[in-house]
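Here's the structure, in structure tokens; my notes come after.
Convention: sequence-line order gives letters A, B, ...; per-chain numbering from 1. Any value given below was found using the heavy atoms of this structure, including those in side chains, with hydrogens, waters and symmetry copies removed.
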Amino acid sequence: MPQQNPKFLEKKWQERWANAGSFTASQDKSKPKYYVLEMFPYPSGRIHMGHVRNYTLGDVLARFYRAKGYNVLHPMGWDAFGLPAENAAIERGEHPARWTKQNITSMRNQLKSMGLSYDWDREFATCEPSYYQHEQLMFLKFLEKGLAYRKESWVNWDPEENTVLANEQVVDGRGWRSGAVVERRRLSQWFLKITKYADDLLASIDKLDKWPDRVRLMQHNWIGKSEGARVKFKLIEPLGATDATPRGHIEVFTTRPDTLFGASFIAVAANHPLATAFADTNKEAANFIAECAKLGTSEAAVETAEKRGFDTGLSVEHPLLHGKELPVHIANFVLMEYGTGAIFGCPAHDQRDLDFANAYNLPVTPVVLPTDKDASNFTITDEAYTGPGKLINSGDWNGLDIEAGKQAAIEALEAIGAGNRETTFRLRDWGVSRQRYWGCPIPIIYCDDCGTVPVPAADLPVTLPEDVDFSTPGNPLASHPTWKHTTCPCCGKAAIREQDTFDTFFESSWYFLRFADPKSIHGFSRKEAEYWMPIDQYIGGVEHAVLHLLYSRFFTRALSEVDYLDLAEPFAGLMTQGMVCHQTFQDKNGRWLFPSEVRQEGKSWRNIETGDNVTAGRIEKMSKSKRNVVDPEIIIESYGADTARLFMLSDSPPERDMEWTESGVEGASRFLKRVHRMANDSSLPAIGTPQPTHGDGIELIRSAHKAIYNLSKDIEGFRFNRAVAQLHTLANAITDTKSTSPTVSAARRFAIETLVQLISPLAPHIAEEMWEVLGHRTMLCDSKWPKADESLIADNIVEVGIQVNGKLRDTISLTRDCPKQEAEDAALASPTILRYLENQTPKRVIVVPNRIINVVV
RNA sequence: GCGGGCGUGGCGGAAUUGGUAGACGCGCUGGUUUUAGGUACCAGUGGCGAAAGUCGUGGGGGUUCAAGUCCCUCCGCCCGCACCA
């Protein structure tokens with residue numbers, strides 16, 4: 001038997017597929033379509049195991065549905081704008097465009113070596129003007145519709161990346177990528193009006209039934225809808241008021257207007273305008289505010305416990321209780337970013353308010369009585385009551401439940417003009433301006449006379465200048481000597497270009513539409529987009545659960561509003577894959593070692609070079625910093641892509657983390673070699689030998705049909721690990737069938753051909769090779785998925801367990817679906833069972849057909 | 001703190017949704033082939049027990065003829081969100 005070199009064999013089939021255009025999506029729109037998409041990569045230069053897992057998962061589906069007769073769209077491209085290119089330019093003096101292009105070339109080669117069934121004709125990189133010009137036009141259309149606007153606002157400034165971050169990109173007060181502590185700055189920024197769709201984005205989550213629940217929950221929380229009321233509290237002018245004394249109203253947002261009678265104070269955020277104004281004339285307050293700002297977000301965890309405040313001495317009128325005054329405090333637990341930046345404190349029914357009230361000796365009046373408590377002796381001390389109940393101490397509202405109380409409160413406030421119903425969202429508009437070079441230019445011109453002027457559509461694209469200098473810090477577009485100078489499209493006078501570029505999430509918010517029609521001069525045509533969309537199965541990391549997925553959901557809505565298409569949800573199905581993990585290794589100095597640097601000896605590990613003992617640590621997500629990485633290229637080089645793919649799918653279900661192990665790779669490799677030997681069995685009957693319908697090969701035929709049935713179901717349900725198990729089971733059945741009679745041999749050929757077909761979505765190269773070895777002249781990737789004969793799947797004889805009082809005592813063989821009485825009689829005739837019965841008469845016999853018989857005595 | 005998930009052999013994981021726990025693989029043990037190692041092949045492999053048996057799905061309790069699966073409770077791990085008014 002020829003020893004096949006996977007490298008040679010895989011290249012051979014990759015070339016044949018490419019030459020035949022096997023994976024080009026068809027123009028035949030009569031077939032049902034299946035659009036499977038993996039999140040496209042940033043072209044960092046090299047693929048990692050996370051990519052291998054991601055793209056293998058997608059490729060199995062693409063190949064499976066293609067064989068099932070679907071018109072499959074399975075494209076790949078490059079999310080090519082972003083910071084690493086600029087960093088490379090700064091560090092190595094290489095131009096971002098050149099660097100990115102080189103990376104794309106090498107990563108494309110790596111991906112091609114995996115044998116992924118992409119329609120490479122649709123490939124594009126988002127840094128090409130032919131791509132980003134369309135998003136410039138989209139932006140202009142958004143602008144016309146009021147979906148994009150510019151405003152001055154506080155922004156999150158990443159001092160390391162010298163740019164603005166969206167709220168979503170700030171994690172624990174630090175930049176999501178740089179890890180630098182984020183500063184607050186006030187800048188003019190472009191925003192996209194994602195909040196316009198907040199309600200729809202939230203409500204539609206319910207319809208995304210093919211999304212993981214946790215992602216749906218994360219988006220739900222992120223949008224953070226709360227319904228309640230805005231309440232106005234009138235400030236009381238104190239004696240001795242000066243011009244600097246704050247006047248007017250404090251507006252408060254509350255989700256619990258029903259507890260208004262329990263209000264005992266007002267608290268405003270440290271950066272609330274009222275607090276700022278007050279601090280102008282009050283040094284103590286200014287100190288307190290400064291202290292609040294210092295605590296900031298970073299140490300929030302430590303500071304959570306303590307509620308602190310500053311009594312301004314000001315007070316407000318209670319809108320419903322005449323004569324009742326509430327003191328106004330500045331408090332460290334009130335956030336300017338949420339609601340109105342001010343609250344009314346109802347200590348009895350909010351733990352934070354209670355902690356604060358207890359610390360500053362403010363009154364605590366319960367206004368909600370739990371149903372099992374008595375109003376006369378119900379008090380609140382350390383624990384706020386937030387459960388259901390009836391209102392008390394609340395005038396006309398007494399006796400109402402909470403919901404009715406809220407309605408009554410809102411009506412009462414509206415009647416006297418002291419408040420109104422209001423819904424707030426945690427979701428903020430999406431700030432898209434970035435002070436970077438390597439991004440899509442924002443097509444805007446600033447003219448002294450005409451103001452902010454959109455670049456006319458005919459002048460698009462606004463392209464990046466190529467001669468840029470990265471030696472001065474800040475945005476190279478701003479420091480470029482000529483690029484920003486232009487003329488105003490309205491008046492023709494000298495004007496200045498917008499120098500910010502878009503957040504790179506802009507590109508990834510519509511790339512899936514471009515794939516539907518990548519050569520379109522309009523970005524994409526409605527016809528193609530509406531045929532292919534929505535994406536049937538989207539696959540990627542859970543780290544994009546909120547940002548990318550939410551922005552994309554917004555984009556399809558916004559694009560629909562400006563008439564690009566008519567679609568709300570871009571991703572019908574979503575799968576979030578788990579991480580690829582590996583054991584970590586450290587030498588005695590604590591230095592991390594690559595797995596390739598260590599060798600196992602018995603139970604211990606040694607450094608291959610030095611022979612020193614190595615500590616094997618936790619199994620963790622592969623990361624460069626801990627060096628617990630395995631380079632896919634080396635795996636593919638030594639074992640082949642089929643082995644890498646098969647192992648990726650073998651053990652862990654896709655959504656769970658998996659551990660990459662040498663022995664696992666070996667196992668996958670061994671299995672493929674074993675199957676390959678089967679196909680090379682020279683004693684197999686000729687191609688075209690009909691599959692036997694009876695006789696001594698029938699069991700093997702049944703095994704093959706069971707495998708077709710089970711594996712197909714497993715792939716449809718993303719249970720790839722079980723699908724691999726089905727392959728093993730069929731291979732074992734083939735091995736266990738020893739007879740060489742003509743019928744068995746014919747059955748063996750059928751079983752092996754079936755096995756080859758079933759392997760093909762998972763390990764496609766070797767499957768093609770075996771298919772050819774078996775005598776086929778057409779490629780396996782063009783053949784139809786085998787169909788299971790369901791009449792052959794169910795066994796005629798079933799093994800049924802017999803229990804006595806719920807404990808298994810014996811098993812017997814029965815004909816499938818035999819009458820219950822027959823099963824019962826057979827069970828009671830079993831000598832083993834009789835022994836357990838000890839001459840007692842069974843009280844009851846429960847027969848679950850084809851499964852179990854339980855004798856109760 | 002709130003919300004969600006998970007806990008099954010030495011390991012990764014199965015279990016038709018309440019019906020024979022441990023499919024399949026890794027590892028391990030023994031054997032065959034081989035000068036030997038590796039490969040390949042055969043057999044075995046949840047614990048205890050010579051066996052008959054018996055125990056066993058994080059701990060405890062419950063419902064049921066029957067519980068890995070449902071309910072209560074406790075423990076442990078992981079993830080998300082967080083002074084969200």
Under 4.0 Å, heavy atoms only, any strand: does A:Tyr836 hit a base, just the sugar-phosphate, or nothing? sugar-phosphate
N or O in side chain of A:Arg352 less than 4.0 angstrom from B:rC84 OP1/OP2: yes
Report the residue from A:Leu730, A:Thr737, A:Asn732 that forms a side-chain contact (heavy atoms from CB on, under 4.5 Å) with A:Ser703. A:Leu730
Short question: side chain of A:Arg216, backbone of A:Leu208 - any donor-acceptor pair under 3.5 Å? yes
Sort out for me which residue in A:Pro366, A:Ser264, A:Pro363 forms a side-chain contact (heavy atoms from CB on, under 4.5 Å) with A:Pro347. A:Ser264
Looking only at B:rG19, B:rG4, B:rA14, the nucleotide nearest the A:Leu217 side chain is B:rG4
What's the verdict on side chain to side chain contact (heavy atoms under 4.5 Å, CB included) for A:His349 and A:Val367, showing C-alpha distance, side-chain angles and the deciding distance? CA-CA 8 Å; A:His349 306 291; A:Val367 290; 3.6 Å; yes
State which of B:rA85, B:rG19, B:rC83 makes the closest approach to the side chain of A:Arg851. B:rG19
Please say whether the positively charged group of A:Arg426, taken as NZ for Lys or CZ for Arg, lies over the ring of A:Trp222, i.e. under 6.0 angstrom from the six-membered ring centre and within 45 degrees of the axis. yes
Going by distance alone, is a donor N or O of one side chain under 3.5 Å from an acceptor N or O of the other, for A:Gln726 and A:Arg719? no
Taking the C1' atom in each of B:rU63 and B:rC77, what is the distance between them to the nearest angstrom? 29 Å
Whole angstrom is fine here: how far is it from CG in A:Asp651 over to C1' in B:rC11? 9 Å
Side-chain atoms of A:His728 come closest, of B:rA85, B:rC24, B:rC81, to B:rC24
Rounded to whole Å, how long is the line connecting atom CD1 of A:Ile223 with atom C1' of B:rC84? 15 Å
Select one nucleotide: of B:rC24, B:rG13, B:rG53, the one nearest the side-chain heavy atoms of A:Pro653. B:rG13
Looking only at B:rG19, B:rA85, B:rG80, the nucleotide nearest the A:Val848 side chain is B:rG19
Base, sugar-phosphate, or nothing: which does A:Gln803 touch, judged by heavy atoms less than 4.0 Å apart? base
Could you go over nucleotides 7-9 of chain B and give all protein N or O partners under 3.5 Å, atom names and distances?
none

Report the distance from atom CD of A:Gln583 to atom C1' of B:rC11, rounded to the nearest whole Å. 12 Å
So what does A:Val334 hit on the nucleic acid, given a heavy-atom distance under 4.0 Å: a base, only sugar-phosphate, or nothing? base
Is any NZ, NE, NH1 or NH2 atom of the basic residue among A:Asp355 and A:Arg352 found under 4.0 Å from an Asp or Glu carboxylate oxygen of the other? no
Let's test your reading of the model: under 3.5 Å, does the base of B:rC65 pair with the side chain of A:Lys843 as donor and acceptor? no
On the nucleotide B:rC65, are OP1 or OP2 found under 4.0 Å from the side-chain N or O atoms that A:Lys807 carries? no
Report the distance from atom CZ of A:Phe647 to atom P of B:rG25, rounded to the nearest whole Å. 15 Å
Take atom C1' in B:rG46 and the same atom in B:rU64, then report the distance between them in whole Å. 27 Å
Scan nucleotides 40-47 of chain B nucleotide by nucleotide, 5' to 3', and note B when protein non-hydrogen atoms come under 4.0 Å of the base, S if they reach only the sugar-phosphate, - if neither. SSS-----
Nearest nucleotide by nearest heavy atom, which residue falls closer to the 5' end of RNA chain B, A:Arg844 or A:Arg618? A:Arg844
Nearest heavy atom decides the nucleotide; on that basis, is A:Gly801 or A:Ala668 closer to the 5' end of RNA chain B? A:Gly801
If the C1' atom of B:rG13 is compared with that of B:rC24, how far apart are they to the nearest Å? 9 Å
Any donor-acceptor pair under 3.5 Å from A:Asn680 side chain to A:His676 backbone: yes
Salt bridge A:Lys225-A:Asp199, side-chain N to carboxylate O under 4.0 Å: yes
Ring centres under 6.0 angstrom apart (A:Phe265, A:Phe344): no
Atom-to-atom span, CZ of A:Phe718 to P of B:rG13 - whole angstrom: 19 Å
Distance between P atoms of B:rU29 and B:rG47 (Å, rounded): 15 Å
Counting side-chain heavy atoms from CB outward, which of B:rG80, B:rC84, B:rG19 is closest to A:Ile846? B:rG19
Within-4.5 Å side-chain heavy-atom neighbours: A:Leu574 and A:His544: no
Symbol by symbol from the 5' end, with Watson-Crick or G-U pairs under 3.5 Å, [ ] crossing and | another strand, RNA chain B is (((((((..(((......[....)))((((((.......))))))(((....)))..(((((..]....))))))))))))....
Interatomic distance, A:Leu202 CG vs B:rC84 C1' [rounded to whole Å]: 15 Å
Between A:Asn721 and B:rA14, is there a contact of a side-chain N or O with OP1 or OP2 at under 4.0 Å? yes
Distance check: side-chain N/O of A:Arg214 vs OP1/OP2 of B:rC6, anything under 4.0 Å? no
Looking only at atom P, what distance separates B:rG60 and B:rU8, rounded to whole Å? 16 Å
Closest of B:rG27, B:rC84, B:rU20 to the A:Ser663 side chain is B:rG27
Distance check, C1' atoms only: B:rG27 and B:rG9, in whole angstrom units. 12 Å
Validate the cation-pi geometry between A:Lys713 and A:Tyr709: distance from NZ or CZ to the six-membered ring centre under 6.0 Å, angle to the ring axis within 45°. yes
Side-chain N or O of A:Asn732 versus OP1/OP2 of B:rG25: is the shortest distance under 4.0 Å? yes
Under 3.5 Å, side chain of A:Arg809 to main-chain N/O of A:Gly806, donor-acceptor pair present? no
Whole-Å gap separating P (B:rA23) and CG (A:Leu711): 19 Å
What I want to find out is whether A:Asp795 reaches A:Lys706 closely enough, with some N-O distance under 4.0 Å, to be called a salt bridge. yes
Above 12 or not: heavy atoms from other molecules or residues under 6.0 Å from OH of A:Tyr360? yes
Among the candidates B:rC81, B:rU20, B:rC24, find the nucleotide nearest to the side-chain atoms of A:Thr729. B:rC24
Confirm from the modelled atom types if A:Asn854 and B:rC65 form a donor-acceptor pair under 3.5 Å, side chain to base only. yes
Within the structure shown, what part of the strands sits under 4.0 Å from A:Arg809 by heavy-atom distance: base, sugar-phosphate, or nothing? sugar-phosphate
Using atom P of each nucleotide, how far apart are B:rG18 and B:rC70 to the nearest Å? 8 Å
When syn is taken as a glycosidic angle within 90 degrees of 0, is B:rG80 syn or anti? anti
For A:Asp213 and B:rG4, what is the distance between atoms CG and P respectively, to the nearest whole Å? 11 Å
Work out how far the C1' atom of B:rG3 is from that of B:rG10, and round it to whole angstrom. 36 Å
Are A:His728 and A:Phe671 near enough that their ring centres are under 6.0 Å apart? yes
Under 4.0 Å from OP1 or OP2 of B:rG53: is there any side-chain N or O of A:Arg835 that close? yes
